[in-house]
Amino acid sequence: MSDDSSSDPFASCASFASPRLDIAALEAALQGLRLGAPLVYFPAVPSTNTHAARLAQEGAPEGTLVTTDDQTAGRGRVGRAWKSLPGQQLALSLVLRPVFPPHFLVMASALAVAKAIEENTSLRAEIKWPNDVQVTGRKVCGILIETSPGYAVIGIGVNVNGSLAGDAELAAHATTLADAAGHAIAREALAAALLRRLDALYSALTMGGASAMADLRQAWRARLITLGRRVRIAQQETTLAGIAEDVDADGALLLRLDDGTLRTITWGDVSS
Ligand code: BTN
């Protein structure tokens with residue numbers, strides 16, 4: 001975290017840890033980026049991903065950002081719900097039209113979130129394969145990437161302020177940045193850092209081809225806490241167990257089963 005508050009564009013932001021996002025401050029911070037404009041804000045919306053997909057189908061430009069203070073029917077991976085903490089989370093969805101394979105979106109979004117967290121707190125952020133971001137061993141961010149012919153939507157949910165202590169089931173494996181860091185965090189500054197990081201990675205992937213992809217994979221792999229651990233992978237009715245040995249060039253997890261065979265895992269929920 002920077003301790004030079006004079007260089008922080010959000011230092012005097014009236015909405016610091018406020019229940020309402022300061023959209024004008026966020027828009028100003030995103031000036032010049034490819035990702036983040038136009039910015040579509042709702043005080044409340046069922047799901048920013050669903051809304052962004054609708055906009056994409058209607059021809060919204062690449063970079064369109066949908067955000068809200070209260071996502072009333074947020075969607076998670078594998079059909080799960082994403083819990084809302086009104087006024088305390090980030091819920092962001094971006095309309096993209098990538099010219100590279102979607103698994104690089106998985107890597108880029110998780111890496112951008114991890115770096116933005118480290119830029120705005122003193123926490124170390126790690127990635128649980130494929131793209132959950134954790135601090136102090138607990139999930140603070142979930143990412144839902146939905147692809148359709150002609151577009152993709154990246155949905156990012158970050159538990160920023162408030163606490164999950166009132167939800168014992170969730171608190172067993174998830175937390176908020178504020179609980180982990182011990183202080184509230186300006187959501188606008190975190191969102192701006194995240195979008196700046198993602199914008200840079202997205203541009204590199206769009207223009208940089210193979211070397212940008214290799215660099216991204218290496219940076220993402222270096223933050224994976226999953227590697228080298230014994231894990232269980234739930235895939236609907238099936239659960240696989242083994243050692244998470246590595247990831248392949250496409251980001252799939254290479255799981256060494258107890259019978260010695262190596263399985264390539266492209267999706268699933270990992271637990272240790
Ligand atoms: C997961 O870990 O299961 C993914 C959670 C993704 C939640 C975000 S919040 C913004 C966007 N809108 C949604 O409905 N879901 C994603």
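Whatever order the structure lists them in is the order used to number ligands and atoms, beginning at 1.
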Quiz prompt | Main-chain N/O of Ala56 paired with Arg97 side-chain donor or acceptor, under 3.5 Å | solution = yes
Quiz item: Which of these passes side-chain contact (heavy atoms from CB on, under 4.5 Å) with Thr176: Asn161, Val140, Val158, Leu85?
Solution: Leu85
Self-check item: Atom indices of ligand 1, in the order listed, that fall short of 4.0 Å to a heavy atom of Gly74
Solution: 14 (O)
Practice problem: Could you list the atoms of ligand 1 found under 4.0 angstrom from a heavy atom of Ser93? | Solution: 11 (C), 12 (N)
Quiz prompt | ligand 1 atoms in contact with Gly76 (distance to a heavy atom under 4.0 Å) | solution = 1 (C), 3 (O), 4 (C), 5 (C)
Practice problem: Please write down residue, atom name and distance for the protein heavy atom closest to atom 8 (C) of ligand 1. | Solution: Gly157 N, 3.6 Å
Quiz item: Among Thr264, Thr266, Asp248, Val247, whose side-chain contact (heavy atoms from CB on, under 4.5 Å) with Leu253 holds?
Solution: Val247
Quiz item: Hey, would you say the Tyr202 and Phe104 ring centroids sit under 6.0 Å apart?
Solution: no
Quiz item: How far is atom 2 (O) of ligand 1 from its nearest protein heavy atom, and which residue and atom name does that atom have?
Solution: Lys139 NZ, 2.6 Å
Self-check item: Thr121 (side chain) donor-acceptor with Ile117 (main chain) under 3.5 angstrom
Solution: yes
Self-check item: N/O donor-acceptor pair under 3.5 Å between Gln71 side chain and Ala44 backbone
Solution: no
Quiz prompt | Interfacing atoms of ligand 1 (cut-off 4.0 Å, heavy-atom, Ile156) | solution = 8 (C), 9 (S), 10 (C)
Self-check item: Protein residue, atom and distance nearest to atom 1 (C) of ligand 1, heavy-atom basis
Solution: Arg77 N, 3.5 Å
Quiz item: Mind checking whether Gln89 has a heavy atom under 4.0 Å from ligand 1?
Solution: no
Quiz prompt | Nearest neighbour in protein (non-hydrogen) for atom 15 (N) of ligand 1 | solution = Arg75 O, 2.7 Å
Quiz item: atom 9 (S) of ligand 1: which protein heavy atom is closest, and how many Å away?
Solution: Gln71 NE2, 3.3 Å
Self-check item: Pairwise side-chain contact, Asp250 with Pro101, heavy-atom cut-off 4.5 Å (strictly under)
Solution: no
Self-check item: Ligand-side contact atoms (ligand 1) for residue partner Asn49, heavy atom cut-off under 4.0 Å
Solution: 11 (C), 12 (N), 13 (C), 16 (C)
Quiz item: Which of the numbered atoms in ligand 1 are below 4.0 angstrom from a heavy atom of Thr48?
Solution: 10 (C), 11 (C), 12 (N)
Quiz prompt | Cluster overlap Val153 with Phe42, hydrophobic side-chain contacts below 4.5 Å | solution = no
Quiz item: Which pair of non-hydrogen atoms, one from Leu35 and one from Asp199, has the smallest distance, and what is that distance?
Solution: N-OD1, 2.8 Å
Quiz item: Would one find an N or O of Trp82, backbone or side chain, under 3.5 Å from an N or O of ligand 1?
Solution: no
Quiz item: Do you know which of Ile225, Val106, Leu224 makes side-chain contact (heavy atoms from CB on, under 4.5 Å) with Trp129?
Solution: Leu224
Quiz item: Counting heavy atoms only, which part of Thr50 comes closer than 4.0 Å to ligand 1: side chain, backbone, both or neither?
Solution: neither
Quiz item: Where's the contact between Ile143 and ligand 1, heavy-atom distance under 4.0 Å: side chain, backbone, both or neither?
Solution: backbone
Self-check item: Interfacing atoms of ligand 1 (cut-off 4.0 Å, heavy-atom, Ser47)
Solution: 12 (N), 13 (C), 14 (O)
